[in-house]
Trainee: 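Shown below is the structure under consideration.
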Amino acid sequence: MTNQVTGAPVGDRALWDRAAEGDEAAFGELFERHAEAVWNHAYRLTGSWSAAEDLTSHTFLIAWRRRADVTLVRDSALPWLYTVAGNAARDEHRGASRRLRLLRKLPDAPVVSDHADAVAERLDGEQRLREVVAAVRTLPKAQREVVELCLLGELSAADAAALLAVAEVTVRAHLSRARARLRTLLEEK
């Protein structure tokens, strides 16, 4: 904007005073004059383009809200705008630091297994069990009985021997032969 009488540019103080009275065009002129300088200042404070954009927007929002409360001491609004941007940058940095400390205090999220993996494992386990049971059925009767009692039923060799009325050494021999045969049968599948 220029002074209509002298043709000289209108100073920041006059624009600020007009903006304080509700002149949006005067505030727009202040924005056009100083937005780039405020953005550059904010960028130097943060090192981030997006943070500088946010701080510039925040600075001019505060300037608009406080335009009636602030009286410029000098002819330029830039020192006051720099101060607002610097304070906003420090506030943001402190807030980010607090959020980071808070996040560090939170426990790690528990690892949740995928339900599909559990179902697949269960189905694979059921299929494998069916294969084992089918292989056990092909064993000779004495070996099958010992496997059913000791391996599938989890009885000790001594208990299985007492139940089958045979010597414990016989149960151990049947178990050894059955394991070897089952290993061969299951590796073939």
Trainee: Any chance you could lay out the side-chain contact (heavy atoms from CB on, under 4.5 Å) test for R90 and R94, step after step, and finish with the verdict?
Mentor: CA-CA 6 Å; R90 280 187 293 283; R94 280 192 302 268; 3.8 Å; yes
Trainee: Would you say that L81 contacts H41 through its side chain, given a criterion of any heavy-atom pair below 4.5 Å between the two side chains?
Mentor: no
Trainee: First locate atom CZ of R67, then atom CD of E21, and finally report the distance between them rounded to the nearest 0.5 Å.
Mentor: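 Here the rounded value is 10.5 Å.
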Trainee: Using side-chain heavy atoms (C-beta onward) and a distance below 4.5 Å, is D12 in contact with D75?
Mentor: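 The answer is no; the side chains never approach within 4.5 Å.
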Trainee: Would you call E24 and R18 a salt bridge, taking side-chain N to carboxylate O under 4.0 Å as the test?
Mentor: no
Trainee: Heavy atoms, side chains only, cut-off 4.5 Å: are L78 and V38 in contact?
Mentor: yes
Trainee: State, yes or no, whether a side-chain contact exists between T56 and Y43 at a heavy-atom distance under 4.5 Å.
Mentor: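 Heavy-atom side-chain distance check fails, nothing below 4.5 Å.
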Trainee: Please name the pair of heavy atoms, one in Y82 and one in R44, separated by the smallest distance, quoted to 0.1 Å.
Mentor: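 Looking at all heavy atoms of both residues, the closest pair is OH-NH2, 4.5 Å.
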Trainee: Could you walk me through whether R33 and L15 pass the side-chain contact (heavy atoms from CB on, under 4.5 Å) test, one step at a time?
Mentor: CA-CA 11 Å; R33 275 186 194 175; L15 288 173; 3.5 Å; yes
Trainee: Start with the C-alpha gap between H34 and F60, add the side-chain angles, then the distance that decides, and say whether side-chain contact (heavy atoms from CB on, under 4.5 Å) holds.
Mentor: CA-CA 10 Å; H34 300 301; F60 280 97; 4.1 Å; yes
Trainee: Check this for me: does any side-chain nitrogen of one of R183 and E187 sit under 4.0 Å from a carboxylate oxygen of the other?
Mentor: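 Looking at R183 and E187, the cut-off is not met.
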Trainee: Determine whether a donor-acceptor pair (N or O, by modelled atom type, separation under 3.5 Å) exists between the side chain of R144 and the backbone of V136.
Mentor: no
Trainee: Look up atom CG in L102 and atom OG in S97, then write down how far apart they are to the nearest 0.5 Å.
Mentor: 12.5 Å
Trainee: Using every non-hydrogen atom in the two residues, find where A158 and E168 come nearest and quote the distance to one decimal.
Mentor: CB-OE1, 3.6 Å
Trainee: Under 30°, 30 to 60°, or over 60°: which ring-plane class applies to W64 and F27, parallel, tilted or perpendicular?
Mentor: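 Plane angle over 60°, so perpendicular.
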Trainee: Mind listing the closest non-hydrogen atom pair of T46 and A52 along with its distance?
Mentor: OG1-N, 4.0 Å
Trainee: Do D54 and E92 have side chains that approach each other closer than 4.5 Å (heavy atoms only, starting at C-beta)?
Mentor: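 No, their side chains stay 4.5 Å or more apart.
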Trainee: Rounded to the nearest 0.5 Å, how far apart are CG of L175 and SG of C150?
Mentor: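 So the gap between those two atoms works out to 4.5 Å.
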Trainee: Under the 3.5 angstrom rule, does the side chain of T170 hit a backbone N or O of V166 as a donor-acceptor pair?
Mentor: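 Here the side-chain-to-backbone pair does not exist.
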Trainee: Identify the heavy atoms of A178 and Q143 that sit nearest to each other, and give their distance.
Mentor: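 So the two residues come closest at CA-OE1, 3.8 Å.
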Trainee: Rounded to the nearest 0.5 Å, what's the gap from CH2 on W16 to CD on E29? Could you check?
Mentor: 14.0 Å
Trainee: Please check this pair: side chain of W80 against backbone of L72, looking for a donor-acceptor N/O pair closer than 3.5 Å.
Mentor: no
Trainee: Mind checking the CG-CG spacing from L139 to L182? Nearest 0.5 Å is all I need.
Mentor: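 CG of L182 is found 4.5 Å from CG of L139.
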Trainee: Which atom pair, heavy atoms only, marks the closest approach of A19 to A26?
Mentor: N-CB, 4.0 Å
Trainee: Do R13 and S76 have side chains that approach each other closer than 4.5 Å (heavy atoms only, starting at C-beta)?
Mentor: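 Counting from C-beta outward, R13 and S76 never come under 4.5 Å.
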Trainee: Do L186 and V147 share a hydrophobic cluster (ILVMFWY, side-chain heavy atoms under 4.5 Å, transitive)?
Mentor: yes
Trainee: Linking I/L/V/M/F/W/Y whenever their side-chain heavy atoms sit closer than 4.5 Å, directly or via other members, would V146 and L163 fall into one cluster?
Mentor: yes
Trainee: Taking R172's backbone N and O only, do any of them form a donor-acceptor pair with S176's side chain (distance below 3.5 Å, no angle check)?
Mentor: no
Trainee: Could you check whether D159 and S156, counting side-chain N and O atoms only, form a donor-acceptor pair closer than 3.5 Å?
Mentor: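 Short answer, yes.
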Trainee: Identify the two heavy atoms, one from A135 and one from L185, that lie closest to each other, and give their separation to 0.1 Å.
Mentor: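 Taking every non-hydrogen atom into account, O-CD1, 4.0 Å.
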